[in-house]
Amino acid sequence: LVDESTLVASTKKPVPYIPVAYTKLSVVGGPSINPGYNGRLGSGFSAGLDYEYGFNEKSSISVGLLFNYGGDMGIESLSDSTFFGLTRTEVQTHSHYKNISALRLPLSFNFKVSPKHSFSVGAYADAIVAVRFEEQKTTTIFKQDPTVENKSGLAPKNSFTSFSGGAQLGYSYQYTEGLSIGISYQHGLGDLSNDAHQNLSKHH
């Protein structure tokens with residue numbers, strides 16, 4: 001007679017060891033919206049790479065490198081100048097500082113509450129690449145029709161800081177094995193504009 005317990009034990013295959021820690025490299029991207037100083041909403045986007053290291057099934061850390069194109073900030077300044085020569089000349093300049101382009105380095109701690117739902121908290125640092133602006137200059141000479149000049153392009157580098165940063169919160173849903181969708185909130189913690197240019201101190 002054969003002992004059944006011995007037979008069952010002998011037919012079991014050894015379970016392979018699978019380490020709990022893991023690493024993952026992902027392509028991330030999506031649209032963004034932001035409130036402007038002028039009360040309007042701006043729209044932009046971000047795209048790049050994200051590297052995640054998992055300590056276990058529940059917790060992990062992520063670091064990324066993104067190109068972030070922010071929506072219209074709504075930072076505007078208006079200046080008036082008056083010149084007296086052979087006649088009186090008034091110059092009104094309206095500057096509108098709009099989109100900021102930056103290289104963003106986000107760092108976050110992630111916690112899974114279930115296999116498909118996870119939350120994150122962390123911080124980010126931005127290296128400002130460029131700020132786009134539009135400017136309208138109206139020149140009025142006494143007893144003459146005003147002339148209007150419009151120009152747009154990149155704002156002077158001393159208009160804004162070179163680096164900025166803030167805190168972020170996020171939620172993500174694992175839609176499929178290779179695709180997750182989510183939403184995140186970023187809150188800046190540093191000044192963007194400099195005091196010494198175009199009366200931008202009111203926007204701090």
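Computed from a prediction, not measured in an experiment: that's the story for all the values here. For the numbers below, each heavy atom of this structure counts, side chains included, while hydrogens, waters and symmetry mates do not.
Ring-plane geometry between Phe133 and Tyr97 is classed as parallel, the angle between the planes falling under 30 degrees on a 0 to 90 degree scale with a further cut at 60.
Applying the 6.0 Å contact sphere to CD1 of Ile183 captures no more than 12 heavy atoms from other residues, nucleotides or ligands. For CZ of Phe84, the number of neighbouring non-hydrogen atoms (other residues, nucleotides, ligands) closer than 6.0 Å is greater than 12. No more than 12 heavy atoms of other residues, nucleotides or ligands lie within 6.0 Å of CG in Asp145, so this atom counts as exposed by the packing criterion.
Taking a cutoff of 4.0 Å between a charged side-chain nitrogen and a carboxylate oxygen, Glu135 and Lys151 qualify as a salt bridge.
Two residues are said to be in side-chain contact when any heavy atoms from C-beta on lie closer than 4.5 Å; Lys137 and Val91 meet this criterion. At least one side-chain heavy atom of Arg132 sits under 4.5 Å from a side-chain heavy atom of Leu154. Side-chain atoms of Thr147 and Thr139, non-hydrogen and from C-beta on, do get closer than 4.5 Å to each other. Using a 4.5 Å heavy-atom threshold, the side chains of Tyr173 and His117 count as touching. Taking 4.5 Å as the limit, some side-chain heavy atom of Ser60 sits within range of a side-chain heavy atom of Glu52.
Pairs of residues two or more places apart, or lying in two chains, that qualify as salt bridge (charged side-chain N to carboxylate O under 4.0 Å, His left out) and include a residue from residues 101-130 are Arg104-Asp126. Listed by first and then second residue, the salt bridge (charged side-chain N to carboxylate O under 4.0 Å, His left out) pairs involving residues 160-170 amount to none (not counting sequence neighbours).
With values rounded to the nearest 0.5 angstrom, Phe119 atom CZ is found 13.5 Å from Ser108 atom OG. For the atom pair CG (Leu169) and CD (Gln186), the distance works out to 9.0 Å, reported to the nearest 0.5 Å.
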Checklist entry - Going through the checks in order, is the side-chain contact (heavy atoms from CB on, under 4.5 Å) test met by Gln136 and Val148? => result CA-CA 7 Å; Gln136 183 178 81; Val148 179; 3.6 Å; yes
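By the ring pair (Phe, Tyr, Trp, His ring centres under 6.0 Å) test, Phe109 is found to be paired with no residue, residues two or more places apart in sequence or in another chain being considered. Legend: residues meeting ring pair (Phe, Tyr, Trp, His ring centres under 6.0 Å) with Phe111, ordered by chain and number and at least two apart, are absent. In this structure Phe67 satisfies the ring pair (Phe, Tyr, Trp, His ring centres under 6.0 Å) test with no other residue, sequence neighbours excluded.
For Asn110 and Ser62, the side-chain atoms include at least one donor-acceptor pair closer than 3.5 Å. No side-chain donor from either of Thr82 and Glu90 sits under 3.5 Å from a side-chain acceptor of the other.
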Could you give the side-chain donor-acceptor pairs of residues 25-36 under 3.5 Å, partners two or more places apart or in another chain?
unit_1, atom_1, unit_2, atom_2, d
Ser32, OG, Phe45, N, 3.4
Asn34, OD1, Gly71, N, 3.0
Asn34, ND2, Asp72, O, 3.3

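There is a path of hydrophobic side-chain contacts, each under 4.5 Å, that joins Tyr53 to Leu107.
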